[in-house]
There are 2 protein chains.
Amino acid sequence: MPTEIKKYTDKQELIAKFSNALGHPVRVAILQQLSKQSCCFHGDMAEVLPIANSTLSQHLKVLREAGLIQGEIDPPKTKYCINKENWNLAKGLMIGFFD
Amino acid sequence: MPTEIKKYTDKQELIAKFSNALGHPVRVAILQQLSKQSCCFHGDMAEVLPIANSTLSQHLKVLREAGLIQGEIDPPKTKYCINKENWNLAKGLMIGFFD
DNA sequence: ATTTCTGTTCGTAAAGATACGAACAATATT
DNA sequence: AATATTGTTCGTATCTTTACGAACAGAAAT
């Protein structure tokens, strides 16, 4: 495992990872809503968005795995919030990227 | 064709489109280089990047179709440049998005 | 005219993304 | 205990992305 050849810098990988998470309009919509009010329930988003519930779960998972949001179960509902640390990291990277 | 139901706003679609283009580290690397020196030949990038020539062409096409770069043939070479108008559009959208 | 240089496009394979409904799990309510 | 509510996960189908080498195309030089 020390024989891993890095093809890209950590920064390039990070920018790509965050950008990828923003690469679908429904995920942009989710994040816009979430950044506006910081937190939101799955159900409230499902009412507004033009996708099936299961598809929404998948997109939320993508955002979670990219580190941009975090979810917590607040039975029987699930509440999703912006992960502020990574959100700010992404913000800084993107601003730096565009100069 | 008037019966098109819009699922997302133009802004959401645009952010997703630009983000998608940034969604692969090699494309991030290309744009970093290009934004640093404004223009660059295909061949010079090919020397540095860890991908085949044909793959590079594909990635450049993705960036072109997203509007972030433009290419012009300067025989026998091909020169690629940042599309400044769209670059600034993307910059503005991303900054607005992250607040 | 043929060869060289540069880059694109084609063909193709493997992997990932997106979508949905059905089935499942966990908690709360009856 | 049975039911209802809320989301997640599973199974599946379809499409897209990424990658490569081979074949191709255009201009320049021999």
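Letters A, B, ... mirror the listed sequences (proteins, then strands); counts begin at 1.
Remark: the backbone N or O of A/A16 is not paired with any side-chain donor or acceptor of B/R27 at under 3.5 angstrom. Between the A/D74 side chain and the A/K79 main chain, no donor and acceptor come within less than 3.5 Å of each other.
Here B/N86 contributes atom CG and B/I69 contributes atom CD1; the two are 11.5 Å apart, rounded to the nearest 0.5 Å. Note: A/N83 CG to A/L63 CG = 11.5 Å, rounded to the nearest 0.5 Å.
For NZ of A/K11, the number of neighbouring non-hydrogen atoms (other residues, nucleotides, ligands) closer than 6.0 Å is 12 at most. Residue A/Q37 places its CD atom among more than 12 non-hydrogen atoms of other residues, nucleotides or ligands, all under 6.0 Å distant.
Whole-Å rounding puts the B/N20 CG to C/dA17 C1' distance at 10 Å. The distance from atom NZ of A/K61 to atom P of C/dA19 is 16 Å, rounded to the nearest whole Å. Rounded to whole Å, atom C1' of C/dT8 lies 8 Å from atom OH of B/Y80. For B/Q58 and C/dA14, the CD to P distance is 16 Å, given to the nearest whole Å. Atom pair B/E72:CD and C/dT8:C1' shows a separation of 17 Å (rounding to whole Å applied). One atom, NE2 of B/H42, and another, C1' of C/dT6, lie 8 Å apart when rounded to the nearest Å. One can place NZ of B/K79 at 16 Å from C1' of C/dT6, the figure rounded to the nearest angstrom.
No continuous path of ILVMFWY side-chain contacts below 4.5 Å connects A/V62 to B/Y8, so the two sit in separate hydrophobic clusters.
For DNA chain D, the contact window with chain B, defined by any atom under 4.0 Å from a protein heavy atom, covers D/dT18 to D/dA27 in 5' to 3' order.
Phosphate proximity of C/dA17 to A/H59: absent, as no side-chain N or O sits under 4.0 Å from OP1 or OP2.
For residues 43-56 of chain A, proximity to DNA chain C is found at A/I51, A/A52, A/S54, A/T55, defined as any non-hydrogen atom under 4.0 angstrom from a strand atom.
Nearest-nucleotide positions on DNA chain C for B/K7 and B/K77 put B/K77 closer to the 5' end.
Residue B/I95 belongs to a hydrophobic cluster whose other members are A/I95, with links defined by side-chain heavy atoms closer than 4.5 Å.
Between B/C39 and B/C81, the sulfur-to-sulfur (SG-SG) separation falls under 2.5 Å.
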